[in-house]
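Worksheet: one structure, shown below.
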There are 2 protein chains.
Amino acid sequence: MTIKDIARISGCSVSTISRVINDRPDVRPETKEHVLKVMREAGFTPNTNARQLKIQQSRSLVFVVKGARNLFFSDFLVQLQRAATLYGYNGIVSYLDENANEIDAAEKILREIKPKGIIFLGGSVSNFQNGFANITVPSVLATLVSNELNFPNLSMVGVDDRAAARTAVAHLIAQGHSKIAVLGGPATSYPSRMRRLGAQDAMENAGLTFDDKLYGLSNYDFESAYHAMNSLLARRAEFTALFAMSDVIAFGAIRALVSAGCRVPEDVSVIGFDGITMSRYCVPVMTTIVQPSEQIALQSIELLVRQIEHGAPAQTVTLQPELQQGESVCPCRRRFESV
Amino acid sequence: MTIKDIARISGCSVSTISRVINDRPDVRPETKEHVLKVMREAGFTPNTNARQLKIQQSRSLVFVVKGARNLFFSDFLVQLQRAATLYGYNGIVSYLDENANEIDAAEKILREIKPKGIIFLGGSVSNFQNGFANITVPSVLATLVSNELNFPNLSMVGVDDRAAARTAVAHLIAQGHSKIAVLGGPATSYPSRMRRLGAQDAMENAGLTFDDKLYGLSNYDFESAYHAMNSLLARRAEFTALFAMSDVIAFGAIRALVSAGCRVPEDVSVIGFDGITMSRYCVPVMTTIVQPSEQIALQSIELLVRQIEHGAPAQTVTLQPELQQGESVCPCRRRFESV
DNA sequence: CTGTTAGCGCTTTCAC
DNA sequence: GTGAAAGCGCTAACAG
């Protein structure tokens with residue numbers, strides 16, 4: 001079933017059919033109506049390949065996800081898909097390993113799929129600095145805002161990681177905690193670095209010093225967090241509170257704490273980051289910094305579409321996270337001899 | 001940059017280039033080498049649209065996911081993606097609403113993307129009975145095995161839901177529980193129906209009767225489970241154990257139980273289903289029936305590829321689930337006056 | 001082994 | 001308003 005068949009059946013030419021398909025104004029309403037009817041009855045769908053071969057571009061957006069095990073991204077992807085559909089685009093997800101190069105991957109995708117735009121979920125600032133200049137399609141870096149990145153076709157949407165982390169740690173300090181462990185990614189990860197700086201800010205503001213020995217390196221998955229916390233415990237690190245750079249990390253860490261006989265929050269208070277659905281249903285309910293994922297998704301798509309359709313310039317949008325007061329943080333009850 | 005340019009630069013014809021691209025044997029090794037070099041230097045990638053327009057099919061598989069909020073599927077998708085890549089296919093994910101018709105969606109996708117095969121994650125048996133006959137591409141229904149479905153191009157891979165549920169409930173009974181609540185989907189959902197029957201089997205084998213009042217209707221997401229358990233509690237249902245038809249449901253239910261002042265497992269034992277990553281890191285560690293998701297993913301792709309490339313007939317593969325002994329089940333300590 | 005050539009289904013000038 | 005016809009980049013006979 002091709003456009004030719006429809007032309008034959010409806011008694012007009014292929015160009016007319018094409019015009020109807022593309023909703024061009026220069027077709028007589030009755031003709032259009034008739035053609036539409038024939039198409040419907042024949043169950044005809046235009047061949048995407050032929051169309052794209054001709055016009056040299058698709059109606060799709062690609063979502064490049066770095067870190068498939070990160071539950072926050074799973075939650076987020078669903079929202080992105082929905083928003084894309086809303087704007088008449090179809091989203092294609094490309095999962096990348098946590099340590100893959102997202103720019104290389106994007107270049108490959110660009111050649112193969114020719115999407116109209118790309119949304120990166122997470123990514124490494126240095127990879128962008130090194131290679132993004134070669135990418136010319138409208139793009140959005142979601143859940144990450146960095147002033148070290150400045151490309152005319154790269155919008156950024158996310159929360160201010162540093163400020164958010166500051167809020168998180170300040171909350172712990174307000175509860176009387178002064179020995180605060182932090183679990184998160186390496187300095188090469190921009191959000192991790194910012195969140196760490198934010199934690200540091202909060203401590204310094206309170207006259208405390210950030211103790212490197214209380215920093216545990218973890219990927220954004222359960223298992224890694226579990227091990228990171230175990231290492232911290234094995235080192236006999238002393239702390240009454242934990243700032244985890246994601247809910248998933250917090251969750252894995254809590255498991256390790258409980259296994260070691262620590263109660264949460266009685267012995268160790270824990271604050272997470274992200275506000276994934278699970279954080280509201282776990283025991284104890286997670287005290288966490290909630291990223292407005294729905295807004296981030298919507299904004300990302302909106303900016304992208306505006307860049308694509310109206311050539312709008314790239315923008316940076318910083319959204320406000322919110323503190324979710326759960327049950328995993330309580331006032332500090334313990335004092336250590338040594339300061 | 002097209003195949004023609006490469007032909008010009010390398011000094012041979014387009015067909016030779018095409019042969020090289022498709023790794024055909026009838027090209028002189030030196031020629032091939034040379035062409036490959038030219039392609040590399042020119043940074044050439046074949047145009048997928050042109051190729052697919054010509055050969056009338058793609059090298060992609062579509063994964064139709066019904067129930068985007070089901071964490072089990074998120075875990076599973078990553079594995080599917082990996083397996084697909086392993087076989088040289090690229091997987092495209094299509095998220096569907098929990099109550100969408102997956103067959104209609106598949107037909108649309110088929111026309112638009114022309115994938116070589118489809119893998120359905122979850123689905124409704126009756127939808128398949130009504131409409132799958134129209135679908136002729138190789139397909140696999142993953143995580144669901146039903147003898148009510150018999151199509152020459154539809155393989156099924158999953159666990160025996162009924163037997164698995166029987167194991168789960170038998171485990172509770174072995175711990176002395178006799179008042180067992182069950183949380184799961186409606187009878188229209190095949191896995192839910194089978195799991196319910198399995199639960200019933202186990203009870204009857206033990207001389208107990210399945211109490212409909214102890215059945216709570218829930219979707220496969222946290223929120224729904226939370227509410228379902230609350231309804232059960234509001235009705236003052238008496239039970240010492242819960243069989244949840246998924247870990248996500250178990251998780252949401254536990255949250256509701258704890259909020260109501262019940263301890264898990266001391267007051268209520270809980271057994272889940274699926275064995276998602278989270279189940280191993282939560283507190284208490286979930287006692288659950290682990291579906292071998294990696295195997296299911298691999299088998300699904302393997303069967304599909306075999307159907308696609310060798311015209312192999314559809315097969316039904318039943319894999320063995322495993323009981324993960326966690327901490328959410330303990331011996332029954334409570335007796336009720338009334339029997 | 002390699003080259004020539006006719007389309008795949010669609011869009012888009014350019015005529016009418 | 002509508003139609004005829006020239007490709008988009010590639011594959012696959014077919015011919016050599």
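All values reported here derive from a predicted model rather than from experimental measurement. Note: hydrogens, waters and symmetry copies are ignored here, and every other heavy atom, side chains too, is used. Note on naming: letters A, B, ... go to the chains in the order of the sequence lines (proteins, then strands), and numbering restarts at 1 for each one.
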* Structure fact -> Scanning both residues in full, the closest heavy-atom pair of Ser124(A) with Glu102(A) reads N-OE2, 2.6 Å
* Structure fact -> In whole angstroms, the gap separating C1' of dG7(D) from CD of Gln56(A) amounts to 11 Å
* Asked: Just one of Leu80(B), Val65(B), Ile119(B) clears the side-chain contact (heavy atoms from CB on, under 4.5 Å) bar with Val93(B), so which one?
  -> Val65(B)
* Between dA4(D) (P) and Ile17(A) (CD1): distance, integer Å -> 12 Å
* Calculate the interatomic distance between Lys114(A) atom NZ and dC8(D) atom C1'; express it in whole Å. => 11 Å
* To do: Identify the two heavy atoms, one from Leu61(B) and one from Ala84(B), that lie closest to each other, and give their separation to 0.1 Å.
  => CD1-CB, 4.3 Å
* If you measure from the Lys or Arg side-chain nitrogens to the Asp or Glu carboxylate oxygens, is any gap between Glu33(B) and Lys37(B) under 4.0 Å? -> no
* Reckon Gln52(A) has a side-chain N or O less than 4.0 Å from the OP1 or OP2 of dT11(C)? -> no
Look for any protein N or O under 3.5 Å of an N or O in nucleotides 14-16 of chain C and output each such pair with its distance, or none.
none

* Sugar-phosphate only, base, or nothing, as touched by Leu53(A) at under 4.0 Å among non-hydrogen atoms -> base
* To do: For Ala142(B) and Leu121(B), work out which heavy atoms get closest and say how close.
  => CB-CD2, 4.0 Å
* To do: Could you check Val317(A), Thr318(A), Val157(A) and say which one makes a side-chain contact (heavy atoms from CB on, under 4.5 Å) with Val145(A)?
  => Thr318(A)
* Structure fact -> Ile55(B) atom CD1 is separated from dA13(D) atom C1', nearest whole Å, by 16 Å
* To do: Rounded to the nearest angstrom, tell me the gap between atom CD1 in Ile3(A) and atom C1' in dC10(C).
  => 6 Å
* Sub-4.0 Å heavy-atom contacts from residues 22-40 of chain A onto DNA chain D, ordered by number -> Asp26(A), Val27(A), Arg28(A), Thr31(A)
* Interatomic distance, Arg51(B) CZ vs dG9(C) P [rounded to whole Å] -> 18 Å
* Nearest-nucleotide wise, let me know which of Ala50(B) and Cys12(B) is further upstream toward the 5' end of DNA chain C. => Cys12(B)
* To do: Report yes or no: is there a donor-acceptor pair, N or O only, under 3.5 Å between the side chain of Ser15(A) and the base of dA5(D)?
  => no
* To do: Compare side-chain N and O positions of Thr16(A) against OP1 and OP2 of dG3(D) and report whether any pair is under 4.0 Å apart.
  => yes
* To do: Please tell me which of the listed nucleotides, dC8(C), dT12(C), dG3(C), lies nearest to the side chain of Ser18(A)?
  => dT12(C)
* Asked: Between Asp75(A) and Arg69(B), is there a side-chain N and carboxylate O pair less than 4.0 Å apart?
  -> no
* Side chain of Ile21(A): nearest nucleotide among dC10(D), dT11(C), dG9(C)? -> dT11(C)
* Asked: Is the side chain of Asn101(A) donor-acceptor paired with the backbone N or O of Asn127(A) at a distance under 3.5 Å, no angle test?
  -> no
* Neighbour count above 12 (heavy atom, 6.0 Å) for Glu294(B) CD -> no
* Between CG of Leu141(B) and OH of Tyr190(B), what distance do you get to the nearest 0.5 Å? -> 10.5 Å
* Structure fact -> Whole-Å distance, Lys4(B) NZ to dT5(C) P, equals 12 Å
* To do: Please determine, for the side chain of Val14(B), which listed nucleotide (dT5(C), dC10(C), dG9(D)) has the closest atom?
  => dT5(C)
* To do: Go through dT2(D), dG3(C), dC10(C) for me and flag the one nearest to the Ser13(A) side chain.
  => dT2(D)
* To do: Kindly indicate whether the side chain of Lys54(A) and the base of dG7(D) share any N or O donor-acceptor pair separated by less than 3.5 Å?
  => yes
